[in-house]
Enquirer: 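Here it is, the structure in full.
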Amino acid sequence: MSKTPFNQGRFFEDFKLGETIIHATPRTVTEGDAALYIALTGSRHIAHCAKPVAHALGFADKTIDDLLTFHIAFGKSVPDISVNAVANLGYAEIKFSHPVYTGDTLTTQTEVIGLKQTSSGKNGIVYVRSTSFNQNHKAVLSWVRWVMVHKKDLNVTTPETHIPSLDNVVAVEDLIIPADLDANSFDTAVTGSQRLWDDFKVGERLNHPAGMTVDDSDHTLATKLYQNNAKLHFDDLSMQSSAFGRRLMYGGHVISICRALSYDGLENALFIAAINAGTHANPSFGGDTFYTWTEVLEKWEIPGREDIGALRLRMVGLKNQTADSLESTYIEEDGKQRYHANVVLDLDYTVLMPRKSK
Amino acid sequence: MSKTPFNQGRFFEDFKLGETIIHATPRTVTEGDAALYIALTGSRHIAHCAKPVAHALGFADKTIDDLLTFHIAFGKSVPDISVNAVANLGYAEIKFSHPVYTGDTLTTQTEVIGLKQTSSGKNGIVYVRSTSFNQNHKAVLSWVRWVMVHKKDLNVTTPETHIPSLDNVVAVEDLIIPADLDANSFDTAVTGSQRLWDDFKVGERLNHPAGMTVDDSDHTLATKLYQNNAKLHFDDLSMQSSAFGRRLMYGGHVISICRALSYDGLENALFIAAINAGTHANPSFGGDTFYTWTEVLEKWEIPGREDIGALRLRMVGLKNQTADSLESTYIEEDGKQRYHANVVLDLDYTVLMPRKSK
Amino acid sequence: MSKTPFNQGRFFEDFKLGETIIHATPRTVTEGDAALYIALTGSRHIAHCAKPVAHALGFADKTIDDLLTFHIAFGKSVPDISVNAVANLGYAEIKFSHPVYTGDTLTTQTEVIGLKQTSSGKNGIVYVRSTSFNQNHKAVLSWVRWVMVHKKDLNVTTPETHIPSLDNVVAVEDLIIPADLDANSFDTAVTGSQRLWDDFKVGERLNHPAGMTVDDSDHTLATKLYQNNAKLHFDDLSMQSSAFGRRLMYGGHVISICRALSYDGLENALFIAAINAGTHANPSFGGDTFYTWTEVLEKWEIPGREDIGALRLRMVGLKNQTADSLESTYIEEDGKQRYHANVVLDLDYTVLMPRKSK
């Protein structure tokens with residue numbers, strides 16, 4: 001019997017500056033996905049679970065959770081972009097640009113926007129901007145990430161270095177506010193919290209009280225739902241011989257868990273407008289219990305809008321230690337600052353929140 | 001950084017007799033929720049899983065399982081009513097009053113119907129009647145429960161004691177039969193059992209043969225689906241220092257598991273009309289295997305109806321012991337009667353079942 | 001209290017040649033079921049997850065995964081056919097005959113097509129052909145299986161032996177191609193693989209690279225979703241005293257896991273047209289990690305069609321050992337050939353795959 005070679009994904013030399021890659025497996029998002037997302041995260045964000053509230057906010061229907069959209073869209077890019085990645089180095093400019101409704105079909109494509117061979121000559125850094133579109137060719141989400149990828153042939157010509165210019169933060173002028181959104185008649189009874197944009201202060205810290213233990217079935221069900229097929233999340237046997245010793249939790253799912261845990265205190269943070277940057281500080285595994293704290297980094301009025309404002313937040317995810325009990329997010333070791341071993345996530349993101357009516 | 005105080009829920013002195021509390025997080029129930037409920041419980045109740053059968057029974061569509069409706073509605077009341085509860089003391093007068101369909105949005109509100117400070121002066125018992133409405137302001141479900149809640153300020157004035165008058169059993173005259181329900185042409189082929197209301201005898205006991213092991217992922221997925229955020233079900237780390245030593249299973253999910261296990265022998269118990277009383281006799285944990293037995297307590301004709309009758313049932317849930325092997329539901333200890341350690345549920349409820357055609 | 005006898009299922013003497021049994025619990029298949037199936041298997045088969053792709057293939061909507069349809073339909077037959085089975089002996093002539101869409105309701109019925117008492121006189125083999133219909137009485141799926149069933153009364157008269165004539169393989173002429181299917185404009189971008197029917201060779205072997213660990217929650221959620229209530233999958237306590245020592249994974253779910261794992265390399269195997277034969281070579285349990293290899297057995301043109309062809313495949317499922325590392329599917333022991341202990345599935349099935357356009 002002859003053996004078939006499989007699609008092995010792209011190596012560094014396979015990426016060309018400016019090229020566009022269309023990813024496989026368009027996905028229709030359904031009520032089933034939305035319900036599973038609630039079961040997998042415990043999310044209570046109101047625009048995603050209550051149709052009349054979404055209507056009152058100007059939308060045609062309840063919308064799909066921004067992070068569920070992100071995970072599905074992101075998963076499509078894995079086989080082409082990061083299957084041979086040595087490391088996922090960073091994220092930037094994640095912008096949510098249009099609501100996703102049940103029945104919408106997402107297709108994702110990626111443009112190569114930067115290349116830089118590493119000094120060893122064995123790897124290279126690839127910068128990509130990915131965009132996900134609905135069935136009407138409307139962009140619903142875009143993001144930049146950069147990954148270190150192996151070279152397959154070490155003798156191949158080094159491409160010209162091109163490092164894209166990226167924003168550290170998506171500026172308030174660049175946030176894309178859904179055209180339909182109108183929070184003028186938002187009723188805080190639906191979230192149970194009267195704290196609105198006006199009430200938050202820059203520098204304020206929220207140690208969210210809830211904790212959640214995530215088992216192996218939970219995170220693998222989630223990651224399969226997202227159709228993210230990165231082997232290290234699923235194949236416990238092969239992972240036993242890795243440095244981790246077992247299946248690794250998909251970092252995106254950790255973001256979702258922390259976002260759900262941050263609901264208490266941020267009940268009116270209705271939508272994610274942007275993710276500015278993110279670090280998966282330490283790996284997470286089945287059985288870990290997660291806690292979260294949030295700091296308000298910036299507070300922005302949105303040009304031309306009196307119904308909503310934006311908050312730039314830092315959300316830090318912890319495993320197996322409560323936010324109250326963590327003395328410092330960082331530790332000093334040999335004169336270098338590192339993340340505390342129980343910190344798993346450091347996310348810089350921007351939410352939209354209704355303002356008090358004048 | 002300043003710290004934000006969180007909504008800490010109500011203490012005993014925060015409840016006022018006669019006040020109405022509108023709970024947050026209205027929820028649109030979807031096909032996704034219904035499918036997850038089947039996956040989480042193994043339920044086969046036919047009006048909830050087969051559209052043509054629901055049509056033949058007079059409904060516009062298959063209906064949402066009564067217990068799924070209850071869990072979602074109940075979960076909404078947790079943050080306002082029982083988050084500071086010392087103990088959930090009892091339930092009464094749970095009445096299902098209108099079918100719920102996929103796409104319906106449930107909103108829950110609660111009236112304080114009784115208050116009684118305990119003799120220690122440190123706690124009080126709060127009696128509440130909660131009602132859940134669909135988007136057309138139609139009540140779909142109501143229930144009474146009473147919980148013991150901490151006082152925050154021990155010096156606050158003691159309220160006048162008012163204990164509501166509650167029915168031990170929802171009388172047959174008070175059962176609310178769905179207006180659309182017509183079982184005259186019910187075909188037992190859809191359930192596989194020809195035993196109808198006429199065939200059951202008061203005093204009859206059914207030791208349902210099926211057993212089901214429920215793991216931590218199962219019950220936490222369910223409780224997150226219900227958006228019930230009571231910490232003790234999710235946070236295994238903090239529960240390690242509790243008397244339980246680990247995450248506790250939501251008692252409502254145990255009711256659902258037992259109801260699903262009771263299908264064999266009660267195939268034609270199509271709908272729950274009322275829950276008269278219920279006791280969570282012992283705690284349940286991930287890994288427990290559940291079994292169930294049912295006793296027929298009463299058998300009622302429904303005034304004006306020849307197509308259906310009501311059965312008042314006692315459903316007893318067991319963990320890690322089969323119904324056949326349990327000698328007695330109670331044990332005697334120091335002259336007092338207690339539940340056997342393997343009994344987890346003692347539920348008194350009323351079902352609707354088609355009658356034989358004349 | 002009197003005890004109620006339960007429906008104990010049929011014993012050998014209860015089956016009559018030629019009789020038709022209509023199974024209980026018709027089931028409406030929904031978006032919730034489809035989403036759960038993706039979460040439970042990681043399936044990426046494109047006609048089941050992307051509406052525009054299904055439209056482009058000629059269908060009214062994305063279709064329900066063939067195996068999800070099979071599991072739901074099969075589960076209905078368990079209480080009547082195999083609840084007293086000593087052994088599930090074999091499968092044949094599984095034919096998928098009509099697409100299933102969300103909202104369709106499946107009803108299953110079974111004809112007894114063969115009977116043979118065993119030489120011991122204690123058991124008999126029952127051959128049945130089951131067919132599942134949608135709400136418009138259109139057959140969507142049929143299959144033959146044979147099971148060994150206990151006799152209850154050893155003195156009952158032995159029925160005349162009748163062994164049906166069964167096809168080893170569903171011949172290409174007998175495959176039922178969906179009337180709506182038109183793959184003339186199929187775009188391989190949606191699957192990410194350009195390998196079409198023309199590119200496969202008889203004898204070719206694909207060692208699919210992916211592996212998946214399946215935990216107890218995963219397989220029990222799946223089997224409950226299928227409403228297959230065979231006790232041995234759910235009741236860990238009673239299974240502790242069985243030869244297995246614990247809950248057994250439903251063999252059908254193993255087929256689904258292997259089919260999902262075989263996606264890499266068979267991306268364009270859009271639909272299952274038939275399952276010719278199948279063996280569950282060894283039992284599987286929660287925690288097992290699965291791998292799969294496929295061999296191309298036959299390659300058939302479909303009469304009158306230039307847009308699609310059929311591939312007859314052998315899919316072998318392994319537990320806890322990769323396809324690359326398995327030296328032989330069989331082992332020799334005492335002169336007899338048996339399956340290697342890590343082989344769990346040996347399935348002979350036929351897929352439909354688009355052809356290159358002329």
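Just so we're on the same page: letters track the sequence lines, and every chain starts at 1.
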Enquirer: Checking B:Arg10 against B:Phe15: charged group under 6.0 Å from the ring centre and within 45 degrees of the axis?
Expert: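 Because its charged atom sits under 6.0 Å from the ring centre and within 45° of the axis, B:Arg10 does stack over B:Phe15.
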Enquirer: With chain A, which of B:His23, B:Arg27, B:Met239 has the greatest number of heavy-atom pairs at distances under 4.5 Å?
Expert: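 Going by pairs under 4.5 Å, I would pick B:Arg27.
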Enquirer: Taking the side chain as every heavy atom from C-beta outward, state whether A:Tyr349 and A:Arg314 have any atom pair closer than 4.5 Å.
Expert: no
Enquirer: Which of these, A:Thr105, A:Thr69, A:Ile72, sits in a side-chain contact (heavy atoms from CB on, under 4.5 Å) with A:Val100?
Expert: A:Thr69
Enquirer: At a 4.5 Å cut-off on heavy atoms, which part of A:Ser217 comes close to chain B: side chain, backbone, both, or neither?
Expert: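 Contact with chain B is through both the backbone and side chain of A:Ser217.
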Enquirer: With no hydrogens and no angle check, is any side-chain donor or acceptor of A:His219 less than 3.5 Å from a backbone partner on A:His253?
Expert: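 Flag not set: sc A:His219 to bb A:His253 has no pair under 3.5 Å.
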Enquirer: Is A:Ser43 close to chain B through its backbone or its side chain, or both, or neither, when contacts mean heavy atoms under 4.5 Å?
Expert: backbone
Enquirer: Give the member of A:Thr289, A:Thr294, A:Val296, A:Val214 that has the highest number of heavy-atom pairs under 4.5 Å with chain B.
Expert: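 It is A:Thr289.
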Enquirer: Give the member of A:Val190, A:Thr188, A:Val202, A:Asp216 that has the highest number of heavy-atom pairs under 4.5 Å with chain B.
Expert: A:Val190
Enquirer: What salt bridge (Lys or Arg N to Asp or Glu O under 4.0 Å) pairs are there with at least one residue in residues 62-72 of chain B, not counting sequence neighbours?
Expert: B:Glu31-B:Lys62
Enquirer: Against chain B, work out which of A:Tyr291, A:Phe290, A:Tyr37 has the most heavy-atom pairs shorter than 4.5 Å and name it.
Expert: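 Looking at each of A:Tyr291, A:Phe290, A:Tyr37 in turn, A:Tyr291 comes out on top.
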Enquirer: Cation-pi check for A:Trp197 against A:Lys299: NZ or CZ below 6.0 Å from the six-membered ring centre and within 45 degrees of the axis, yes or no?
Expert: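 Judged by the rule (NZ or CZ under 6.0 Å from the ring centre, within 45° of its axis), A:Lys299 counts as positioned above A:Trp197.
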Enquirer: Pick one of side chain, backbone, both or neither for A:His45, based on which atoms fall under 4.5 Å of a heavy atom in chain B.
Expert: neither
Enquirer: Heavy-atom distances under 4.5 Å only: say whether B:His233 touches chain A with side chain, backbone, both or neither.
Expert: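 Contact with chain A involves no heavy atom of B:His233 at all.
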Enquirer: Tell me, out of B:Lys76, B:Gln135, B:Arg247, who's got the most heavy-atom pairs with chain A below 4.5 Å.
Expert: B:Arg247
Enquirer: Looking at B:Asp215, B:Asp218, B:Leu36, which one has more heavy-atom pairs under 4.5 Å with chain A than the rest?
Expert: B:Leu36
Enquirer: Is the Lys NZ or Arg CZ of B:Arg129 less than 6.0 Å from the centre of B:Trp143's six-membered ring, within 45° of the axis?
Expert: no
Enquirer: With a 3.5 Å distance limit and no angle check, can you tell me whether B:His48 reaches the backbone of B:Thr63 through a side-chain donor-acceptor pair?
Expert: yes
Enquirer: Quick one: what part of B:Asn229 sits under 4.5 Å from any heavy atom of chain A, side chain, backbone, both or neither?
Expert: side chain
Enquirer: A:Gly192, A:Gly32, A:Ala50: which one forms the most heavy-atom pairs within less than 4.5 Å of chain B?
Expert: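 That would be A:Ala50.
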Enquirer: Verify, without hydrogens or angle tests, whether A:Asp264 (side chain) and A:Pro209 (backbone) share a donor-acceptor contact under 3.5 angstrom.
Expert: no
Enquirer: Sort A:Ile46 into side chain, backbone, both or neither according to what part of it lies under 4.5 angstrom from a heavy atom of chain B.
Expert: side chain
Enquirer: Against chain B, label A:Val53 side chain, backbone, both or neither, depending on which of its atoms sit under 4.5 Å from a heavy atom there.
Expert: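 Contact with chain B involves the side chain of A:Val53 alone.
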Enquirer: Assess the side chains of A:Trp293 and A:Glu295: does a donor N or O sit below 3.5 Å from an acceptor N or O?
Expert: no
Enquirer: Please classify the contact of A:Thr41 with chain B as side chain, backbone, both or neither, using a heavy-atom distance under 4.5 Å.
Expert: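 Answer is backbone: N, CA, C or O of A:Thr41 sit under 4.5 Å from chain B.
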